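The model shown is predicted, which means the values in this text are computed figures rather than measured ones. Numbers restart at 1 for each chain; the letters A, B, ... are given by sequence-line order, proteins then strands.
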Number of protein chains: 2
Amino acid sequence: MLYVVLYNYIYERQPVPHRDDSVETIQQEMTAFARRARATAARMHPELSLVSYTLLAHLDDQRGCRATDLAAHYFLDKSTVSRQIAALEKLGFVERRVDPDDHRVQVLHPTEKGAQVLANVTASRRQAFHERLADWDEADLDRFATYLRRYNAAQERLG
Amino acid sequence: MLYVVLYNYIYERQPVPHRDDSVETIQQEMTAFARRARATAARMHPELSLVSYTLLAHLDDQRGCRATDLAAHYFLDKSTVSRQIAALEKLGFVERRVDPDDHRVQVLHPTEKGAQVLANVTASRRQAFHERLADWDEADLDRFATYLRRYNAAQERLG
DNA sequence: AGCATGAGTTGTATTTGCCAACCATTGCCG
DNA sequence: CGGCAATGGTTGGCAAATACAACTCATGCT
């Protein structure tokens, strides 16, 4: 045991929460966050569910993509995506353009109206996030964002 | 403006994303994470859904609590909690002890069996997290954990 | 005693998601 | 060329999770 303490002292140079504790915390906090996200989203934007919002946002920032891509990106079943897109289309938020090169694929795009609604929701979401993050300094925000991206990328790689 | 650039150059030594970009990233990554968490959890542990797991874990580490507390803590409707607990009880994972002081409340506890299952799931979740975080150094883990806790605490305060 | 409050349950409807079966298009290989 | 596997997408059927509302029962205050 003494060796561990010494090791930490020499190589870490401060009392360091053990690796396991950090992992434990990350696990718990990520889980708690996941549990709440949907509820929060639903309360904030009854007009556009979290999933719809996410898909629409993805279309917007990819400048159009295929249903299959959406499914892969968000680990959703293709049937789920199909229905979600159908719903968004009925609302007039997305349109389909059949790919001239391959008539199986339809490239999805937000409509003008869709982009509008998306912009509204995004703005209000962003404001909520800003409030939540108001007392963070710039460097912390940046680091936090970087960690999240890194974490999600790892999850994407490992499944 | 020059000062900003210089400041960044000197203190950060690389082009720094604007505050808004960080917030945007955090928002997107948290959302993506939330979207995937349930699916991942379901794939890993068919025997215990993310919600059940979360509730059971909370009972375990609070050494028992009331259904209402669970609902408040996870932004769930009390009916939802009621049914989830009923399911967990039917599986023999939790037991109810009526509070002798107030016959309205039932204090929930994991059973022996429940604690056992919880331990298994926790262990395997923890391993998955460890894999995902394997190439992170200790300091980054610690900082990431701290950010997450801070973020969630803020969300808890602000709704 | 009487009524408001709080804890939980149950009925009902909606949303979300999965799986499997299916259709249409494409591209490849014999 | 002709069949066949692979790909993109839709649809039907189903189960789980959840919200909302109406209800019951115990408590506690006036």
Tell me whether B/R150 is salt-bridged to A/D140, with the criterion being a basic N under 4.0 Å from an acidic carboxylate O.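 Counted as a salt bridge, because a side-chain N and a carboxylate O are separated by less than 4.0 Å.
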I want to confirm an ordering. Mapping B/R38 and B/I85 to their closest nucleotides on DNA chain C, which one lands closer to the 5' end?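 It is B/I85 whose nearest nucleotide is closer to the 5' end.
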Determine: side-chain N/O of A/S82 to OP1/OP2 of D/dT10, distance under 4.0 Å, yes or no.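 Yes.
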Strictly below 4.0 Å: does B/Q84 bring a side-chain N or O up to OP1 or OP2 of D/dT18?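 Yes, because at least one side-chain N or O of B/Q84 sits under 4.0 Å from OP1 or OP2 of D/dT18.
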Option among B/L55, B/L108, B/L70 that satisfies the side chain to side chain contact (heavy atoms under 4.5 Å, CB included) test with B/C65: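 It is B/L70, the one option of B/L55, B/L108, B/L70 that forms the side chain to side chain contact (heavy atoms under 4.5 Å, CB included) with B/C65.
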Side chain to side chain contact (heavy atoms under 4.5 Å, CB included) partner of A/F129, the single match among A/R125, A/E131, A/Q127, A/R126: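 One option only clears the test, and that one is A/R125.
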Name the orientation class of the two ring planes belonging to B/H58 and B/Y74 (parallel below 30°, tilted from 30 to 60°, perpendicular beyond 60°).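 It falls in the perpendicular class, over 60°.
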Sub-3.5 Å pairs of nitrogen or oxygen atoms, protein against nucleotides 1-4 of chain D:
none

B/W136-A/Y147 aromatic ring centre distance below 6.0 Å: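 Ring centres of A/Y147 and B/W136 closer than 6.0 Å.
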Counting runs of three or more consecutive pairs, Watson-Crick or G-U wobble, with each distance below 3.5 Å, where are the stems of DNA chain C?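 Stems (3+ consecutive pairs) listed as C:1-30 with D:1-30.
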Strictly by modelled atom types, are A/S52 and A/Q84 linked by a side-chain donor-acceptor pair under 3.5 Å?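 Their side chains do contain a donor-acceptor pair, which is all the 3.5 Å distance test asks for.
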Nearest to the side chain of B/A67 - D/dG9, C/dG17, C/dG8?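 Between D/dG9, C/dG17, C/dG8, the one nearest the side chain of B/A67 would be C/dG8.
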How would nucleotides 21-30 of chain D be written as a contact map, 5' to 3', with B for base contact, S for sugar-phosphate-only contact and - for no contact, using protein heavy atoms under 4.0 Å? B----BS---
Could you tell me whether B/V51 contacts a base, only the sugar-phosphate backbone, or nothing, with contacts defined as non-hydrogen atoms closer than 4.0 Å?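 Sugar-phosphate, no base atom in range.
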